[in-house]
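Each remark here refers to the structure printed beneath this line.
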There are 2 protein chains.
Amino acid sequence: MKPSTSIQDYLKRIYELTENGLPASTNDLARELNVRPASVTGMIQKLAAEKPALVEYQKHQGVTLTSAGKRAALEVIRHHRLLEAWLVQTLGYSWDEVHEEAERLEHVISEDFERRIAAALGNPTRDPHGELIPTADLKMPVDDTTPLSSLRASQSATIQRVVAADPNLLRHLDSLGLTPGIQIEVIEYSEFDNNLTVKVGRKVNVLGLNITTKIFVEIQK
Amino acid sequence: MKPSTSIQDYLKRIYELTENGLPASTNDLARELNVRPASVTGMIQKLAAEKPALVEYQKHQGVTLTSAGKRAALEVIRHHRLLEAWLVQTLGYSWDEVHEEAERLEHVISEDFERRIAAALGNPTRDPHGELIPTADLKMPVDDTTPLSSLRASQSATIQRVVAADPNLLRHLDSLGLTPGIQIEVIEYSEFDNNLTVKVGRKVNVLGLNITTKIFVEIQK
DNA sequence: CTTAAAATTTAGTCTTACCTAAATAATTTT
DNA sequence: AAAATTATTTAGGTAAGACTAAATTTTAAG
């Protein structure tokens, strides 16, 4: 049986919160899902009791996904990211507008729809923010990008991924030309405030940690 | 507040069942919605009690939409028909495949999404089956088409609308070339079985009432 | 190591939207 | 016009998934 929309949301958030290898806490999940902690406890107990179990759960120890749970989560994430790519490409959405729409659509599209948009887009590997799209057989590719914050003067790189949800920040980055696929070069590093002076096209900007830790790049050899 | 998916479904079905001017019966609604009659009674009582009321309801007398209810129904129908048009045009769905997908998507797309696909399609007036699409200000255009069954020998017409839900029938009609936009000419009428012999392109087919009452045309002057 | 604070869980409700079974009303048949 | 059939409504339940308030466990501070 296909999990309910609520369950899909729980699994997706648990996936995201456990990407660091640690179990997800009740509180963090509650915050991400805009739900009270007590509701989270109830739901994860239910998910742990499903057959097959979707999560691994020990009281007070947080929650992780089982392989069945991870598969279900990746399915939703694949839907979400393909939808974002597709909304941007075919309907002219900007990257700060797509999230909300994809958030609702991801739960209702058919596998046929998924295949059609994936094919129409040429089976893309990243969404408009540069996030990796799980493959059709539900494996998450490994991301080998580097945070911009770790680059130093004279290094060149291509922006691969921008990790930000706030539409205002996204619009700001867009206005600076800091979007996936763009080439940049680090002009200067300040060890005092960790600012990076970065050349983007013909413009030069000074970026703080707040931004440079959210941009992931592939360094030019 | 936006009505729930269930309520949207009820309103849409009530709209369809009352297009003939008569109130919709509990039983008919139950059949259309795949729900038990008792559930329908419960829901329509609730809809009649909303402020503003979405339906007009007298015990045992069936149900009709109020203007607020009709507006909500037309919104859903507009979503559905635009989605069908769009799935066919941009993702290569055939007209026998789109219904199911649109049925789920119609409840979750934003007004922004609606505007974008309407614009992308050039504000179409009919969906792939030829059904009229409610306008952006939620008026249903009047349909002035004629059932093919009422034509007689030597009359020519353009197919405007095909009223059928069964995918097998739709595929059959497609294979005969009987789709919206196509020109046809009636060669012969049989008053005994009401069959029409119809020329479609260079082919000639004999069509029974079962088909000719489901195809609506605009007669050539 | 004990206490205060924070996080988590339990227990008990609520809402939505469905269900079945039984009761009532409307319609059709005889 | 009464009886039988069909349609509709009422009454009482259930399952999901949320909530609040209270109890408990864990963690952090002194």
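Lettering follows sequence order; numbering is per chain, from 1.
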[N], OP1 or OP2 - any side-chain N/O from [X] closer than 4.0 Å?
{"X": "B:Thr26", "N": "D:dT9", "answer": "yes"}
{"X": "B:Arg36", "N": "C:dT20", "answer": "yes"}
{"X": "A:Asn27", "N": "C:dA6", "answer": "no"}
{"X": "B:Ser39", "N": "C:dC19", "answer": "yes"}
{"X": "A:Gln45", "N": "C:dT10", "answer": "yes"}
{"X": "A:Tyr10", "N": "D:dA16", "answer": "no"}
{"X": "B:Ser6", "N": "C:dC18", "answer": "yes"}
{"X": "A:Tyr57", "N": "C:dT9", "answer": "yes"}
{"X": "B:Ser4", "N": "C:dA17", "answer": "yes"}
{"X": "B:Lys59", "N": "D:dT10", "answer": "yes"}

**Asked** Atom NE2 of A:His60 to atom P of D:dT24: distance rounded to whole Å?
**Response** 11 Å

**Request:** Check the distance between D:dG17's P and A:Ile44's CD1 and give it to me in whole angstrom.
**Result:** 14 Å

**Asked** At under 4.0 Å between heavy atoms, what does B:Val35 touch on the DNA or RNA strands: base, sugar-phosphate, or nothing?
**Response** sugar-phosphate

**Request:** Give a yes or no on whether the ring-centroid distance for A:His107 and A:His79 is below 6.0 angstrom.
**Result:** no

**Request:** Would you kindly compare A:Asn34 and B:Pro37 by the position of their nearest DNA chain D nucleotide and give the one closer to the 5′ end?
**Result:** B:Pro37

**Asked** So do B:Pro134 and B:Met140 actually touch side chain to side chain, heavy atoms under 4.5 Å?
**Response** yes

**Prompt:** Can you tell if the side chain of B:Leu196 reaches within under 4.5 Å of the side chain of B:Val206, non-hydrogen atoms only?
**Reply:** no

**Asked** Is a side-chain donor-acceptor pair under 3.5 Å present for B:Glu101 with A:Ser110?
**Response** yes

**Request:** For the residue pair A:His129 and A:Trp95, categorise the inter-ring angle as parallel (less than 30°), tilted (30 to 60°) or perpendicular (more than 60°).
**Result:** parallel

**Asked** More 5' along DNA chain C: B:Ala38 or B:Lys46, using each one's nearest nucleotide?
**Response** B:Lys46

